[in-house]
Each structure stands twice: as structure tokens, then as C-alpha cells.
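Worksheet: one structure, shown below.
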Amino acid sequence: MSKDGPMNAGPESQPWWRYGHVWLIIAGPVIVVIAGFVTLWLALSRPDPVLAEDYYQRGLDINKTLKNADSGMTPAMKGRNHAATPAQDQPR
């Protein structure tokens, strides 16, 4: 048969990099690898801060100051809760 026969009537085959679907398939893993390197760079360039030696005592002190701040608001909180209670649930 000659080269112009019905067997060779289709388009000529192109190299793999000329097909758009190939790049679509390759793009996913490449993006994930790049994101992994960006995450690694962020982790290495910004280390976690070191805790203070007395971090537990500082937390206890903060809790004490917060407890004292709420005691001054007790009447206001009771009034707000009473106003927000539906009429059928209020004590008689």
C-alpha cells in the first residue's frame, strides 16, 4: 500500500508535551510538591517561640485577675439574665 492509503488517513502523532491533558495531569502533583517546599521553608524560617520559665504561674495570675473582674459585674449580669428570660420561665 502507498503512504496515501486509508491506513494513514489520521492526523500525525505529536510529542507528549504537546497534549494539554498531560500538563493537566502533571500540574496536580507538581503543585503539591511546591506547596510542600513552601511549608518546609515556613517551618524552618519561623521557629516556634520559647515559653517563659514561669508560664504556669502567669496563667494562674491571669485567672485570678479575671475572677476578680467578674465580681463587679455580678448585678449587671443578673439583670441581663433576668431580662433575657422568657416570661413563662420567670419565677413567681
Side-chain angles (χ1 to χ4, degrees):
M1 291 203 119
S2 69
K3 191 173 184 177
D4 296 336
M7 296 288 220
N8 291 336
E12 206 172 302
S13 180
Q14 296 178 354
W16 66 269
W17 62 85
R18 297 246 179 182
Y19 292 99
H21 293 96
V22 172
W23 292 109
L24 187 64
I25 293 170
I26 292 173
V30 168
I31 290 171
V32 170
V33 169
I34 291 171
F37 279 116
V38 168
T39 304
L40 177 68
W41 174 74
L42 286 172
L44 294 176
S45 66
R46 293 168 175 80
D48 292 335
V50 179
L51 290 176
E53 292 289 329
D54 61 341
Y55 72 94
Y56 188 75
Q57 186 60 42
R58 287 184 185 185
L60 292 176
D61 293 341
I62 289 172
N63 287 340
K64 287 177 186 175
T65 59
L66 290 176
K67 184 185 284 186
N68 293 338
D70 287 343
S71 64
M73 293 295 291
T74 301
M77 290 301 289
K78 284 185 178 179
R80 185 198 65 83
N81 289 340
H82 181 68
T85 305
Q88 67 268 17
D89 293 337
Q90 289 183 2
R92 295 190 177 133

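Throughout, numbering of the chain's residues begins at 1 and tracks the sequence. Remember, it's a predicted structure, so these values are computed and weren't measured experimentally.
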Residues, nucleotides or ligands: over 12 heavy atoms within 6.0 Å of E53 CD: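 Open: at most 12 neighbouring heavy atoms sit under 6.0 Å from CD of E53.
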Is Y55 linked to L60 within one hydrophobic cluster, defined over Ile, Leu, Val, Met, Phe, Trp and Tyr using a side-chain heavy-atom separation of less than 4.5 Å?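 Looking at the clustering, L60 is in the same group as Y55.
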Shared ILVMFWY cluster between V30 and Y19, side chains joined below 4.5 angstrom? yes
For the residue pair R46 and W41, establish whether any side-chain heavy-atom pair is separated by less than 4.5 Å.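 Of all side-chain heavy-atom pairs linking W41 with R46, at least one is under 4.5 Å.
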Rounded at 0.5 Å granularity, tell me how far [atom1] in [X] sits from [atom2] in [Y].
{"X": "T39", "Y": "I34", "atom1": "OG1", "atom2": "CD1", "value": "11.5 Å"}
{"X": "Y56", "Y": "D61", "atom1": "OH", "atom2": "CG", "value": "11.5 Å"}
{"X": "Q57", "Y": "I62", "atom1": "CD", "atom2": "CD1", "value": "10.5 Å"}

W23 and W17 have their tightest heavy-atom pair at NE1-O, 2.8 Å
